[in-house]
Amino acid sequence: MSKLISLTGNDAAAHALRQSRPDVAAAYPITPQTELMHKFAEFVANGQVDTDMILVESEHSAMSAAIGSSAAGARTFTATSANGMALMWEMLYIAASSRLPIVMPEVNRALSGPINIHCDHSDTMGARDAGWIQLFCENSQEAYDTTIQAFRIAEHPDVLLPVMICYDGFIISHTNEPVAMLDDAVVAKFVGEYTPARKLLDVDNPYTFGPLDLPEWYFEHKRQQIEAMRKAPAIIEAVGKEFGALSGRTYEFMEGYRMEDAEVVLVALGSTCGTAREAVDVVRESGIKAGLLKLRAFRPFPIARVRSALSKARVVGVFDRSVSFGIEGGPLYHEVRSSLYGGTTPVLPFVYGLGGRDIRVEQIAQAYRTLDEAAKRGVKERDVEFIGLRDA
Amino acid sequence: MSKLPSWKEMASGGIIPKGGTSHEKDVSGWRTYRPVHDMQKCIHCLRCWIMCPESAILTKDGKHAGIDFAHCKGCGICAQQCPKKVQAYTMKLESEFKKG
Ligand code: SF4
Ligand code: SF4
């Protein structure tokens, strides 16, 4: 039985974490993640969850403590945003290469500088090659559901990779929305016990953790990480399906909106997808066969699935909420264009919403019209179009 | 060296999957200096045995019994720790032993 209650994205994620019964949490506060850890700390203080909280002195320490705890055999999570994750940087790679199933809500916020506390995806996009699974959420419900699924995905023996749950700062983290919460017992059963094959606290089976990995070995260890990422899509899908049977909300790798006959398609991540659905409806009124492809996973990136989802499109626009300096378009654009390599469909880049700049239905509707026009004029390539920038 | 395993055969996560494996590894190539021990001078106080970071000082019946040169890295701590009045160690360039 699930009940509908009003929760912010942060509170929803905190409940999901509580219900997943982690052994250890190590975190340091940073806006807009702070309220998530407030809420979780309250659960610990009230005895509603039996988790050891490690209050560390920085995010570098948070991830280091999480690594130690996970290696010891404990189900472990941390949470952060933007500069907090930037301070974790070297430890992100160590968590992934040590194959530790740490779960981390990452509340998307623009990386300084100039200093800004609002949403964009520059923080998580910078960490795309750290070896973490990255799942994006559209709203509080997805933040809740994805956090629960993250433990199952991370801890699966074929995967054993850390998982980042990315949700938009303030837009999701601080906005109250109705969220259907599952019963504690139902989540506990779904997530299950964490029984790692190896743990440092198992003193009868000693092994060395974190030794020097010289040229004869390092390459092989990277190949193993690549293999885990290749196996992850099937697990992400299976867990999403199983979660659907439980909750009525099935999660796939991506979600299309009015894609059946869509010719002008936008690809986007996160909360903007909700706004884009409205825009699809608006421009469909004027005869544009618009559609939306919402991606859930950025890593692993579902190249074949994206290619098949976009196979009927006449033109594709990609919405990036971050930039890659020195090349046109953002990271999502480059992956989508790579997915369509060899085809003739034009893929055109848009950048929007940096540092929390608002994005509205009419602006996305306009992007659909621009794409439609570009397709009619036979545009194959152009520089990035900035949405909502003064004097763009 | 014997054939190294493929990535499919290796333990994941960069670990060394069992204990005691440093015993199997010959690190004698790390040495620049070799401790040469004089059993005549030695008073068997075993300070060097306590302090050697590689556990390379061998003992038998509570007495110094030579050096495990497969694991001695030539740091010279044993020579430093040996009582001043005893000075049972002389550190010699490893290259001197390779001549001829
Ligand atoms: S030189 Fe260093 S490693 Fe070698 S026996 Fe002496 S203390 Fe041990
Ligand atoms: S410290 Fe010197 S005297 Fe003592 S056991 Fe070692 S070599 Fe012998």
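Protein chains get the first letters and strands the later ones, always in sequence-line order, with residue 1 at the start of each.
Residue A/D50 qualifies as open at atom CG: its count of foreign heavy atoms under 6.0 Å is 12 or below. A/E252 CD: 12 or fewer foreign heavy atoms inside a 6.0 Å radius. Atom CD of A/E193 is surrounded by 12 or fewer heavy atoms from other residues, nucleotides or ligands within 6.0 Å. The number of heavy-atom neighbours closer than 6.0 Å to NZ of A/K199, taken from other residues, nucleotides and ligands shown, is 12 or below. Residue A/F253 qualifies as enclosed at atom CZ: its count of foreign heavy atoms under 6.0 Å is above 12.
B/I16 CD1 to A/W217 CH2: the interatomic distance, rounded to the nearest 0.5 Å, is 9.0 Å. Atom CZ in A/R223 sits 9.5 Å away from atom OG in B/S6 (nearest 0.5 Å). With rounding to the nearest 0.5 angstrom, the NZ atom of B/K8 is 7.5 Å from the CD atom of A/E227. Between the CG atom of A/D213 and the CD1 atom of B/I15 there is a distance of 11.5 Å, given to the nearest 0.5 Å. Here the CG-NZ distance, from A/N205 to B/K18, works out to 13.0 Å after rounding to the nearest 0.5 Å.
Interface remark: of the candidates B/P17, B/P5, B/G19, B/P17 forms the most heavy-atom pairs closer than 4.5 Å to chain A. Interface remark: of the candidates B/S22, B/G14, B/G20, B/G14 forms the most heavy-atom pairs closer than 4.5 Å to chain A.
Nearest heavy atom pair, residue B/W7 against residue A/Q224, reads O-NE2, 2.7 Å.
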